[in-house]
**Student:** 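Pasting a structure here, questions to come.
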Amino acid sequence: MINIGILSNSIKDMSNFEYRFFYWAMHQDWIKLKVLFLDGRVIQPKNKLLNKIFDINIISKLIFMTINKVDDYFINYDKFNENNKKEVINWLTKIEHKKIYPLNKLGNIDYFNNESSNEVKAYNLDLIIRFSFNIISGEILNASKNGIWSFHHADNDINRGGPAGFWEVFLKQTNTGVTLQRLSNNLDGGDIIDKAFYVTQSTFKKNNAFIIEKSLTILIKNLNLLKHNRVKYKKSKKYNQLVYKYPKNIIIVLKYFFIIINNIFIRRILNKFYYLLNYKLNHWVIYISDTNIFNKINIKKSIPLKTKKNIFYADPFHIAHNSNDYIFYEKFDYKVNKGILACSKIKDNKLLDEKVILEKEYHLSYPFIFKYKDLFFLLPEMSYAKKQDIYISTQFPYEWKLHKTIFKNVYSADPTIYQDDKDNFWLFISQSYDPFNDLNSELYLYKINNLNDFKLTSHLQNPIIIDSRKARSAGNIFKFDNQIIRPSQNTNSKAYGNSLNFNKIIKLNINEFEEEYMDSIKFKDTNIIGTHHFSLYREKSLFDVCFRKFKWNIKKY
């Protein structure tokens, strides 16, 4: 049992993130929430009108506030269920509420002297989690066995200060970090517990909501590790850069205004313009390379697989069977705006005998094929259905029947099975448990106990990766020069599947997973915005490429 106290907001002032955390915590039999520490100080009302009169930055503040109000209006994500919220509130009313009275210093530091710190220490807590209050200092930092855990919603190596999620958008950083730390007297420089990296969203308010809601996964993951005494603390790097603050300068605010205009309006207008010119935007093409050495791939020397107009191909998987080579792939139809799964023979770099093997009322992609003995399994990407189906071949390669359904009511994507040298079967799969239904950031790992019933054991470190730059799978895990290579997608604000990573798996067991970056594929052509899939094909390889603007009469490729 882990005894926890929360530096908390009052129940009526809690955020969507906090309700989600408490709902999770109330269903864990190994967590005991002993106390909510509430701010007992009476905040004196300020004369807001007088402050505004003497505020030389009032114009920039008003502009920034107006932009954010408009921004809030367009943010759309799943808010916490009202019935579940009532359940959480009812549960929290039965938890002890303790008012505490820190001393305020310099306007943003809450200092706890020995007397107030001892009041907290008397609860004999294993952990304190900070959801409220200002910067914490004093002996309270040592008032529980594992100190105080707190989020800095940025990568504290490159961005300290705030507001959370703004400067990454303003500085056009492609990814936004989140740091979970054990607090110390060093601002945003406490011991690092974990870090995560997410795609930077197009606006400040959306980026702010995105990283806050997403960060619950980091907290839950590390509480699970704490239960097994496997949390590791690392020293924070020294920070000699600018500490960012709330944007007040009129030049900064106006620059941000034009970033918003570009991200929200100008891009949409350009997309409409290209559509009228008969360009297909974000069009994927499968290529065949004459080498299986992934860092030697050259698109100029590779062969594209041609498609009919209004169709694109992506996510190629190769299977050799009975002296034939087959490719399974996503076939996307612009007219119905949906992908289906198809299979073709491949010979002399051409596709033959194409047949649709799976079509649903929702989008399908990533037709992962796994062979074990005489059986072929098909695991498609079907996140729109909020489940994961597993099919088995009745007559390979064109006929399949449903074998099993797993992960019901869970957003999942790009399932990939790997069989290790000890005949253990592992399922790598992207999953989302957040209100934004984001599938680019977290990679989960499960041990498959039996291929017949697909009973799964969750990896201790799940999610094993929380990083949109390398989490999502990009094809079969394969061996190359006696090394186990996992292809993955690098997704950032420039494009989904911006480039391909190749990662060497170093440790793989039910308690440990470790990999390290080896190499990548990224094309420099300005009309190519991404590549997100790689598959070995005998002595060759298959990969897909996304063009920003595509016409079928383009002769360059």
Side-chain angles (χ1 to χ4, degrees), residues 2-40 68 71-100 125-134 136 148-153 162-165 176 178-180 193-194 196 198 201 204-224 226-227 386 409-411 431-438 441-442 462-463 466:
I2 298 178
N3 296 306
I4 293 177
I6 307 289
L7 292 167
S8 179
N9 293 297
S10 64
I11 294 177
K12 66 181 178 64
D13 294 325
M14 286 181 179
S15 67
N16 197 70
F17 166 89
E18 290 171 280
Y19 283 122
R20 291 176 58 225
F21 169 77
F22 286 123
Y23 185 77
W24 170 82
M26 67 186 287
H27 291 93
Q28 309 306 311
D29 59 7
W30 51 274
I31 285 180
K32 183 176 182 180
L33 179 57
K34 291 187 70 173
V35 57
L36 297 179
F37 295 111
L38 305 177
D39 193 338
N68 292 337
D71 196 358
D72 273 329
Y73 180 80
F74 286 101
I75 296 174
N76 183 30
Y77 62 97
D78 297 332
K79 297 296 177 65
F80 192 66
N81 181 279
E82 286 297 324
N83 290 329
N84 291 341
K85 185 182 289 187
K86 291 176 182 178
E87 187 180 353
V88 169
I89 291 172
N90 183 57
W91 180 67
L92 289 176
T93 55
K94 300 173 184 177
I95 305 296
E96 181 180 353
H97 292 54
K98 170 69 175 177
K99 290 185 177 181
I100 51 179
L125 299 169
D126 295 304
L127 177 65
I128 299 171
I129 301 174
R130 173 185 171 268
F131 287 161
S132 185
F133 290 81
N134 295 307
I136 306 294
I148 300 176
W149 286 11
S150 177
F151 280 110
H152 172 58
H153 287 98
T176 299
V178 171
T179 306
L180 179 63
I193 300 166
D194 206 349
Y198 304 106
Q201 304 300 298
F204 158 50
K205 295 295 285 185
K206 185 176 181 181
N207 202 38
N208 176 272
F210 188 82
I211 60 176
I212 288 173
E213 296 295 345
K214 293 288 292 182
S215 60
L216 179 58
T217 304
I218 316 172
L219 181 56
I220 291 175
K221 171 183 178 176
N222 285 281
L223 285 172
N224 277 307
L226 183 65
K227 178 176 67 171
K386 291 189 68 176
N409 204 34
V410 176
Y411 284 101
Q431 294 182 316
S432 174
Y433 296 90
D434 62 83
F436 285 91
N437 305 325
D438 163 54
S441 305
E442 293 95 2
N462 268 339
I466 312 177

**Student:** On a heavy-atom basis, which atom in S432 and which in V410 lie closest, and how many Å separate them?
**Tutor:** O-CG1, 4.5 Å
**Student:** State, yes or no, whether a side-chain contact exists between I4 and L223 at a heavy-atom distance under 4.5 Å.
**Tutor:** yes
**Student:** Rounded to the nearest 0.5 Å, what separates atom CG in L92 from atom NZ in K85?
**Tutor:** 12.0 Å
**Student:** Between K214 and D438, is there a side-chain heavy-atom distance shorter than 4.5 Å?
**Tutor:** yes
**Student:** Is any side-chain heavy atom of P163 closer than 4.5 Å to a side-chain heavy atom of H153?
**Tutor:** no
**Student:** Measure the spacing between CD1 of I31 and CG of N224 and express it to the nearest 0.5 Å.
**Tutor:** 7.5 Å
**Student:** So, do I11 and H97 sit near enough that their side-chain heavy atoms are less than 4.5 Å apart?
**Tutor:** yes
**Student:** CG/N81 to CZ/R20 distance, rounded to the nearest 0.5 angstrom?
**Tutor:** 13.0 Å
**Student:** So, N90 side chain and K86 main chain: donor-acceptor pair closer than 3.5 Å or not?
**Tutor:** no
**Student:** Check Y198 against S441 and note the closest heavy-atom contact, atom names and distance.
**Tutor:** CD2-OG, 3.3 Å
**Student:** Between F17 and F151, how do the two ring planes meet: parallel, tilted or perpendicular, split at 30° and 60°?
**Tutor:** perpendicular
**Student:** Mark yes or no: K206 above the aromatic ring of F204, with NZ or CZ under 6.0 Å from the six-membered ring centre and no more than 45 degrees from the axis.
**Tutor:** no
**Student:** Determine the sole option in L219, L33, L7 for which the side chain to side chain contact (heavy atoms under 4.5 Å, CB included) test with I129 is passed.
**Tutor:** L219
**Student:** Quick one: CE on M14 to CZ on F80, what's the gap to the nearest 0.5 Å?
**Tutor:** 11.5 Å
**Student:** Minimum heavy-atom separation for W91 and F22, please, with both atom names.
**Tutor:** CZ3-O, 3.7 Å
**Student:** Determine whether I212 and N16 satisfy the following criterion, side chain to side chain contact (heavy atoms under 4.5 Å, CB included), listing intermediate values before the conclusion.
**Tutor:** CA-CA 9 Å; I212 288 173; N16 197 70; over 6 Å; no
**Student:** To the closest 0.5 Å, what do you measure between CD1 (I2) and NZ (K34)?
**Tutor:** 13.5 Å
**Student:** When you compare the side chain of D434 with that of Y411, does any pair of heavy atoms fall below 4.5 Å?
**Tutor:** no
**Student:** Which is it for N3 and K32 under the side-chain hydrogen bond (donor to acceptor under 3.5 Å, both in side chains) test, yes or no, and what are the steps along the way?
**Tutor:** CA-CA 5 Å; N3 296 306; K32 183 176 182 180; 5.2 Å; no
**Student:** Between E18 and S15, is there a donor-acceptor pair closer than 3.5 Å when you use the side chain of the first and the backbone of the second?
**Tutor:** yes
**Student:** To the nearest 0.5 Å, what is the distance between OH on Y433 and CD on E442?
**Tutor:** 10.0 Å
**Student:** Taking all heavy atoms of P435 and all of D78, pick out the closest pair and write down the distance.
**Tutor:** CB-O, 2.9 Å
**Student:** Mind checking whether I218 and I193 have side chains closer than 4.5 Å, heavy atoms only?
**Tutor:** no
**Student:** If you take the centroid of each ring, where Trp contributes its six-membered ring, are F133 and F37 closer together than 6.0 Å?
**Tutor:** no
**Student:** If we only count heavy atoms from C-beta on, is the W149 to N222 side-chain gap below 4.5 Å?
**Tutor:** yes
**Student:** Only one of D39, D13, N9 clears side chain to side chain donor-acceptor pair (under 3.5 Å) with S132; which?
**Tutor:** N9
**Student:** Just so I know, are the side chains of I211 and N207 near enough to count as touching, which here means a heavy-atom distance under 4.5 Å?
**Tutor:** yes
**Student:** Is the Y77-F210 ring centre distance short of 6.0 angstrom?
**Tutor:** no
